[in-house]
Amino acid sequence: MVAALAQCKTVTYNLSVDRVPASPDRYPVIAIRVSGDNYDWEEDRPFPGPTIRAKLGDTLEVTLHNKFETETTSLHFHGLHMKNNPWMDGVADVTQCPIAPMTTFTYTFNVTETGTFWYHAHSGHQYSAGFLGAVVIDYPTPEEDPVRQQFPYTYDQTIILQEWFHEDENSLHYNYRGPYNAFSRRRNWQGSENIFQPNYPWKAHSLLMNGRGDYNCAAINETKKCFNRNPCGSGEQCIRERQPLLRDCRTESYPLDEFKCGGKYARFRLINGAGNVPFKLWIDNHDLIIVARDGIETKPLTVQYIIIPVGQRIDFMVVCNKYQFPLKKYMIYATIAVGYLPEGADNPPILDFVAAHLTYPPGVGEVHTPAFLPAEDPTRTEGSDETFEYKLEPLVETMSPPADERIILLGGEVYSMLPGEPLEEWTINGITHTMPKFAILPHLYLAHASTINECLSNHGVGPMGNERRTNILHLEYGKTYEFILLGVSGQQHPWHLHGYYMDFIAAGRLNRSTDFESLGVDECGFDRPGSVKQSVIDSFPDYKEPAKVLSRGDIFTVPRYGYSIFRVKMDNQGPWLFHCHVGWHLGMGMAMIFSVEKNGSYPGIVEPTVDFPAYMSMALGRRGRDGSFPPINGTSEPLGSAAISSLRGSPILSAFFISSLVSILFAVQQYVK
Ligand SMILES: [Cu+2]
């Protein structure tokens with residue numbers, strides 16, 4: 001590592017985000033464009049953004065130009081730990097104030113992990129609209145890369161998968177959240193029409209691979225796509241089809257993307273960048289060898305297909321030995337993994353897929369007839385997909401140390417039939433998370449809040465007894481915790497912890513009828529489970545004993561009515577978000593903050609970068625210390641870095657800036673205590 005550090009350098013990227021007309025799957029919409037230095041982008045492929053690539057030990061400087069006219073934003077580097085530097089984690093209202101429209105902010109951090117990661121907005125639902133891209137962190141030299149040592153590869157390619165809707169992400173979310181009965185189409189669940197369901201589409205209009213999909217325009221006037229999500233029969237959910245408002249649906253498909261196979265091996269970096277769904281991917285006539293998960297190298301595992309939950313990255317190798325004359329192309333397919341759906345709910349089956357070619361350069365020749373089409377996939381309903389990721393063992397076998405403490409987290413949902421309330425909210429231990437009223441780090445730093453708890457929001461009790469407030473778990477720096485995450489719902493949830501890897505030691509299904517305390521019977525006549533019985537908890541391995549690490553990663557699936565047990569040594573101070581990565585669930589409260597502290601604060605973290613205080617000043621000015629939005633003079637003109645400098649020179653901001661500096665000195669004094 002010492003030799004590596006000698007070569008470390010600063011790697012800079014410029015990203016601009018705005019919204020543009022585009023037809024990612026042929027259907028015209030307004031999508032987010034993420035463009036790089038040269039404002040370069042392919043027509044009708046405004047996202048994903050450029051791949052950010054650096055080496056272990058480098059300093060990354062990513063300047064984000066927020067060119068949204070009215071929206072704030074922030075950028076999260078998913079899977080990078082931001083060691084001692086939570087300032088750069090990019091979670092709006094937790095680690096930073098959101099980046100104001102038409103302003104710029106530079107994320108600066110040291111890279112301390114290797115492998116495949118991704119960046120995405122952590123503001124609202126922007127990433128579902130296209131604000132995302134890949135991050136690849138290489139070893140300082142190829143010789144240090146254990147994957148390259150085992151599988152000398154010729155090509156290194158990235159696949160980002162997404163689901164895609166023709167409605168903008170905010171409309172989708174607000175339709176989902178209700179209020180209950182907003183469209184008067186659902187009846188009281190005890191009434192004659194036994195319809196009891198949140199109004200969110202389970203079925204996207206299409207799927208995208210690297211920002212491209214193939215929606216069938218001819219389907220617009222066909223029967224609406226309905227889907228019976230409810231095992232007891234009447235819970236139909238439909239996705240509407242309509243003629244586009246903006247321009248015509250593109251009549252021709254885009255040519256399929258080509259990925260190359262050649263030499264001995266090709267490396268693929270698969271990223272699930274979807275808002276909600278896990279994917280299944282396979283390549284006709286080729287086995288896949290999984291070599292890494294979430295940046296952690298794994299023992300090579302040969303599979304016919306990969307299941308990848310939201311947010312996860314799986315690196316795999318393809319053995320390039322299927323060269324045939326005349327040169328052949330092979331189909332790459334990705335579909336929605338059926339495990340996404342509530343148990344028993346896949347009627348009619350969801351058969352959407354997205355495709356590409358694997359080609360042997362020079363890439364001419366016919367397409368090999370695939371053994372089966374996605375609709376005929378013989379393993380489509382295989383039930384093992386919930387625990388697929390727990391088979392991905394770290395390349396270096398490790399034991400997880402005994403935990404100092406065990407914490408049980410119960411992820412569940414609450415329903416309300418009250419008019420005006422959302423039908424569905426999500427909880428952890430009975431709390432529906434709401435973001436802090438003051439962004440924690442900046443407010444502490446500027447001493448506008450003297451304790452972490454002062455920053456938190458509290459909106460009282462929801463209609464089903466769920467507390468609506470900032471859900472925070474105060475954890476002690478240096479301790480090892482074991483977490484048992486229980487899923488008390490009929491859906492899988494992909495959980496993500498910022499700032500850390502997690503060591504998974506167990507995962508599986510529980511028995512819905514016998515392992516949970518009963519809350520009676522649900523609308524389908526099934527047992528409605530409450531908390532998990534103590535006898536089940538007691539049957540888990542002793543947290544005070546070391547345990548073999550099954551798998552390691554930063555995002556993981558809790559099976560339907562199931563559990564996942566993981567341990568983390570808390571060696572990175574800061575407020576780290578822990579949340580379900582399904583947009584619907586995160587938006588409705590399925591999140592909390594793991595606040596890793598030393599004596600109630602974060603004395604070990606670095607100073608924020610110089611331009612952070614300016615942003616905070618502006619943001620504080622917009623929001624005010626009491627949460628109100630006082631008018632401020634002189635800040636209404638467009639802002640750029642030059643404008644920010646001039647703001648610093650204005651009398652009001654100077655005063656603000658000086659008082660901020662005083663506060664900073666005061667805060668620093670407090671931190672170093
Ligand atoms: Cu979820």
Side-chain angles (χ1 to χ4, degrees), residues 76 78 91 120 122 124-125 127-128 161-163 165 169 172-173 175-178 197-204 229 237 272-279 307-312 336-343 345 385-389 408-415 422-435 462 464 466 468 471 483-498 502 504 507 509-510 512 529 532 553-564 566 577-594:
H76 171 55
H78 183 124
V91 181
H120 62 80
H122 222 300
H125 301 268
Y127 98 76
S128 302
L161 298 173
Q162 289 171 266
E163 66 191 326
F165 292 96
E169 80 279 14
L172 286 167
H173 179 71
N175 186 43
Y176 162 53
R177 68 168 291 151
Q197 60 175 343
N199 193 24
Y200 60 116
W202 294 87
K203 203 170 180 333
R229 58 87 46 173
Q237 283 180 325
N272 183 344
N276 309 289
V277 298
F279 279 98
I307 302 286
I308 183 166
V310 178
Q312 223 170 69
I336 295 175
V338 74
Y340 161 64
L341 298 163
E343 209 167 6
D385 56 2
E386 284 184 308
T387 52
F388 184 90
E389 66 193 78
I408 296 175
L409 303 173
L410 191 115
E413 60 192 320
V414 289
Y415 287 102
L423 175 67
E424 183 174 85
E425 290 176 71
W426 293 90
T427 59
I428 305 174
N429 291 351
I431 300 168
T432 299
H433 174 78
T434 54
M435 280 301 194
M464 301 303 282
N466 53 313
R468 289 165 170 168
N471 191 354
F483 298 88
I484 300 179
L485 187 51
L486 300 162
V488 193
S489 79
Q491 290 173 58
Q492 302 173 351
H493 299 276
W495 290 91
H496 172 45
L497 176 59
H498 291 216
M502 297 167 279
F504 303 107
R509 291 288 286 272
L510 294 171
R512 183 176 172 171
V532 172
D554 55 57
I555 190 155
F556 64 101
T557 304
V558 174
R560 293 166 285 202
Y561 300 106
Y563 65 95
S564 175
F566 61 96
L577 204 65
F578 176 68
H579 63 96
C580 174
H581 222 287
V582 168
W584 316 109
H585 301 168
L586 170 59
M588 295 308 288
M590 205 167 205
M592 66 192 303
I593 294 166
F594 281 17

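Numbers here are sequence positions counted from 1. Note that ligands are numbered from 1 as they come in the structure, with each ligand's atoms numbered from 1 the same way. Here the structure is a predicted model, which means the values were calculated and not measured.
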His585 atom (N/O/S) at minimal separation from the Cu ion (ligand 1): ND1
Ring geometry between Trp426 and His585 (parallel below 30°, tilted from 30 to 60°, perpendicular above 60°): tilted
Backbone or side-chain N/O/S of His581 under 2.8 Å of the Cu ion (ligand 1): no
Aromatic contact, Phe578 with His433 (centres under 6.0 Å): no
Shortest-distance N/O/S atom, His493 versus the Cu ion (ligand 1): ND1
Polar side chain donor-acceptor pair, Tyr127 to Glu169, under 3.5 angstrom: no
His498/His579 aromatic ring centres below 6.0 Å: yes
